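Please read these numbers as outputs of a predicted model, since none were measured by experiment. Below, chains carry the letters A, B, ... as their sequence lines are ordered, and counting in each starts from 1. Computed from heavy atoms alone, side chains included, the values below leave out hydrogens, waters and symmetry copies.
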Amino acid sequence: MAEDRLMDKIIDVCKRRGFVNPTAEIYGGAGGFFDYGPLGTLMRQKIIELWRQSFVLDEDKVFEISGSTLLPESVFQASGHLESFDDPLVQCAKCNSMYRADDIIKRNTGESAEGLPIAELDKKIKENEIKCPNCKGELGNTRQFNLMFKTEIGSTGGINGYLRPETAQNIFINFKRLAGFMRNKLPFGIAQFGSSFRNEISPRSFLIRGREFEQMEIEMFYDPEKENEHPRWEEVADIDINIVTRDMQEKGWKKPLTMTAEEAVNKKHVPNQYLAYYLALETEMLLVLGIKAEDFWFRHMQDHEAPHYSAGNYDLEVNLSIGHMEIVGNALRTDYDLRKHAKASKSNYEIVVDEKKILPHVCEPSLGVGRILYTVLEKCYREDDRGWTWFQFPPTVAPLEVAVFPLMKKDGLAEFAHDVHTELKEAGYLSFYDESGKIGKRYARADEVGIPFCVTIDYDSLKEYSVTIRDRDTMDQIKLPLEDLEVALGELMEGDSDFQEFIDFANEK
RNA sequence: ACGCUAAUAGUCUAGUGGCAGGACUUCGCCCUUCCAAGGCGGGAACCCGGGUUCAAAUCCCGGUUAGCGUACCA
């Protein structure tokens, strides 16, 4: 745990500098909901684009859709969410501890009470004289806690609707049309980004567990008999991934195993190529976001942690100040969802492969936008002994990429600088202009929100059309002709060379 | 969800049953030829709703939000 609450510092700077703030603050707020401010929105957009580029656009057979967030009850009846998201809970009258009613009955009687109606559960608790395991107090009546937000569709409330608790269902209920679009040929993937909602009993930990959260998901459909014939396997086979096996978890582990994706599949640490493929892509994405390889790993979830349909769930966990947190979930959902929806809707979801009709299996990487954003904030946060703070964002996720300052406001420097700022914006850079106060303070303000480069216009600029680029991380500066600025910034943004190498290169030139 | 604790400008904080103060930030002007530190001036707050009281930001009750603990998180 952080001694001085790193998360509180991050929340503070997020609120002050326009990253993220609680929803409806002026009315006391609403727990578990957050609004992205100007910088948070830019950064969130960059994270989504990064995902879109590598998980969707770079792929051959993956297309993105955008489905409705509100879905009729029938969808969740079929998917099983109505049942599994509706937990019957009992509370001890004496110590107020809460338990799942079906769970506590099973523990006491050995018989499964899953899915029983409330009255039956209460009856079983009375009959078997089940007491609170904590203090032996009397248990109260069972109450339903539904984690889905419920509403009514139509002005007269014709049918019940729910905000989706995961984005995945839109894809499964559209499977027939999507498969048709993909010419009924496996494998293919359908991606979707969007909000999901869960009415958590107690949301906590800022963006890590909200009631509305954004997911970037793919449902990759494949023939289970060809689970190790991923068409793009060569692209990822050599990528190193960190794995924590079930075996390691039982023995107590300190360091994850590092191995190539190829090795992970061959040694059966990961069930198949489809899953391993995404573990590799996620690893690459996190590295690009500036998160170090030693700070995250994929944990093979234990049987009791995984959903009942799962043929293997691998959580991407990050080592954060508040402990190990899941920020991405990877699931092999088998044909569970397609089977359920095909049956409930009386549709035929089968696809012909090698003259056989099969129901595809699905591999689902599900990335949490807010959780990834928070991870980046925490891992890039820096402070010195003066109490000054800044974000060392890689340019790829930095909400603003360059700040343009006139050394002074007067003598035409401000006008010159503003023109440079305008040109950079037109060239596609996320540029920020500031002329107020002293230059040092402006550098500090830029650093605080993680702007990687500052461009300063001074008296030399007027004389010889030169500008100075300042590097956030080293505070080094280099002067170069104005006409070279856009190209120079482009090279620095790519991050192929560090600032010092760049200075040397420019000097030689 | 329950329990404990807390809530005063954007941030940090002082404070008392009787006019709400400071620092930093922010804004304007001046100064200033490169890393938050000069000068002058301005703006900005007692979480919400009830109650007690002549008088409540202060005391009481309820709520909200946050932190911690327990529980929950297919």
Side-chain angles (χ1 to χ4, degrees), chain A residues 1 5 7-9 11-18 21-33 37 76 79-100 103-104 114 132-135 140 143 145 147-148 165-166 168 198-206 208-211 213 301 304-310 313 322 325-326 329 331 333 336 384 386-390 405-411 413 436-448 454-462 468 470-472 474-477 479:
Chain A
M1 290 293 147
R5 296 280 318 160
M7 181 176 269
D8 287 341
K9 294 180 190 178
I11 293 172
D12 179 55
V13 71
C14 277
K15 289 197 279 198
R16 277 189 297 109
R17 302 304 309 268
N21 58 275
T23 296
E25 271 182 299
I26 62 165
Y27 295 114
F33 294 94
F76 301 112
S79 70
H81 284 90
L82 217 49
E83 209 175 282
S84 64
F85 262 61
D86 205 22
D87 289 338
L89 299 179
V90 283
Q91 188 160 28
C92 169
K94 205 167 124 196
C95 72
N96 289 318
S97 300
M98 302 255 286
Y99 306 94
R100 278 185 62 150
D103 189 53
I104 202 169
E114 228 181 299
C132 170
N134 183 34
C135 73
R143 285 178 291 170
F145 283 80
L147 287 183
M148 286 195 292
E166 59 171 6
R198 293 181 194 180
N199 201 357
E200 299 284 354
I201 293 172
S202 69
R204 261 178 213 194
S205 303
F206 194 44
I208 298 296
R209 186 134 71 103
R211 288 187 165 124
F213 55 99
M301 291 170 81
H304 65 272
E305 295 175 300
H308 48 292
Y309 53 71
S310 172
N313 267 52
I322 53 170
M325 291 304 310
E326 173 210 350
R333 295 177 76 133
Y336 176 87
D384 64 15
R386 293 167 297 190
W388 299 357
T389 77
W390 68 98
F405 305 143
L407 185 58
M408 302 290 166
K409 216 189 299 192
K410 59 188 181 186
D411 300 330
L413 293 179
S436 77
K438 294 187 164 38
I439 186 97
K441 190 159 192 171
R442 281 177 264 151
Y443 286 140
R445 275 197 288 225
D447 290 347
E448 191 184 20
C454 293
V455 170
T456 306
I457 303 303
D458 58 19
Y459 287 94
D460 289 345
S461 308
L462 294 180
T468 305
R470 168 210 186 249
D471 175 52
R472 175 196 61 206
T474 59
M475 300 201 302
D476 287 337
Q477 300 193 331
K479 183 165 287 193

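- Using N1 to N3 plus N6-O4 or O6-N4 for Watson-Crick, or N1-O2 and O6-N3 for G-U wobble, each under 3.5 Å, B:rU32 pairs with nothing.
- A pairwise comparison of heavy atoms in A:L147 and A:E200 identifies CD2-CA, 4.1 Å as the closest pair.
- Nearest nucleotide to the side chain of A:Y443, out of B:rC35, B:rA36, B:rU32: B:rC35.
- B:rG69 and B:rC2 make up a base pair, with Watson-Crick or G-U wobble contacts both under 3.5 Å.
- Two residues, A:G32 and A:R209, neighbour RNA chain B, and the one matched to the more 5' nucleotide by heavy-atom proximity is A:G32.
- In this structure, B:rA45 makes no Watson-Crick or G-U wobble pair, since no nucleotide meets both defining distances under 3.5 angstrom.
- Across A:M7 and A:S205, no two heavy atoms sit closer than the pair CE-O, 3.7 Å.
- Looking at A:D12, its side chain never comes within 3.5 Å of a backbone N or O of A:K15 through a donor-acceptor pair.
- Taking atom CZ on A:R445 and atom P on B:rC34, their separation rounds to 18 Å, with Å as the unit.
- Base pairing of B:rA57 is not made with any nucleotide, judged by Watson-Crick or G-U wobble geometry with both donor-acceptor distances under 3.5 Å.
- One interatomic measurement links the two molecules: NZ of A:K438 to P of B:rA36, which rounds to 11 Å at whole-angstrom precision.
- Between B:rU13 and B:rU8, the two P atoms lie 9 Å apart (nearest whole Å).
- Summarising the geometry of A:F213 relative to A:P165, their closest heavy-atom pair is CZ-O, 3.9 Å, with the distance given to 0.1 Å.
- Which of B:rU11, B:rC34, B:rU33 sits closest to the side chain of A:Y459 comes down to B:rU33.
- Comparing B:rC34, B:rC68, B:rG10 by their closest approach to the side chain of A:R16 singles out B:rG10.
- To the nearest angstrom, P of B:rA74 lies 7 Å from CZ of A:R198.
- Atom name P, nucleotides B:rU16 and B:rA55: the rounded distance is 22 Å, in whole Å.
- Between the C1' atom of B:rC35 and the CG atom of A:D471 lies a distance of 13 Å, rounded to the nearest Å.
- Rounded to whole Å, atom C1' of B:rC35 lies 6 Å from atom CE of A:M475.
- Comparing atom distances between the A:R386 side chain and each of B:rC27, B:rC31, B:rA36 picks out B:rA36 as nearest.
- Considering only side-chain atoms of A:A444, the nucleotide from B:rC35, B:rA71, B:rA36 that sits closest is B:rA36.
- A:E25 comes within contact range of no nucleotide atom at all, as no heavy-atom separation falls under 4.0 Å.
- Closest to the side chain of A:M408, out of B:rC35, B:rC34, B:rU33, is B:rU33.
- For A:I201, counting side-chain heavy atoms from C-beta on, the closest listed nucleotide (B:rA71, B:rU26, B:rC27) is B:rA71.
- In this structure, B:rA14 forms no base pair with any nucleotide, since neither Watson-Crick nor G-U wobble geometry is met with both distances under 3.5 Å.
- Annotation for A:W390 and A:D447: closest pair CB-O, 3.0 Å, computed over non-hydrogen atoms.
- Atom CG in A:D8 sits roughly 17 Å away from atom P in B:rA6 (whole-Å rounding).
- Side-chain atoms of A:L147 lie closest to B:rC73 of the nucleotides B:rC73, B:rC34, B:rA74.
- Checking B:rA9 for Watson-Crick or G-U wobble geometry (two distances, each under 3.5 Å) identifies no partner in any strand.
- In terms of position along RNA chain B, the nucleotide closest to A:G387 lies nearer the 5' end than the nucleotide closest to the other residue of the pair A:A30 and A:G387.
- In this structure, A:K410 atom NZ and B:rU32 atom P are separated by 5 Å, rounded to whole Å.
- For A:K441, the listed nucleotide lying nearest its side chain is B:rU26; candidates were B:rU26, B:rC68, B:rC34.
- If you take atom C1' in B:rA1 and the same atom in B:rA57, they sit 31 Å apart, rounded to whole Å.
- B:rU11 and B:rU25: their P atoms are spaced 15 Å apart (whole Å).
- Atom-to-atom, CG of A:D411 to P of B:rU33 comes out at 10 Å; the value is rounded to the nearest Å.
- For the C1' atoms, the distance from B:rG67 to B:rC59 is 25 Å, rounded to whole Å.
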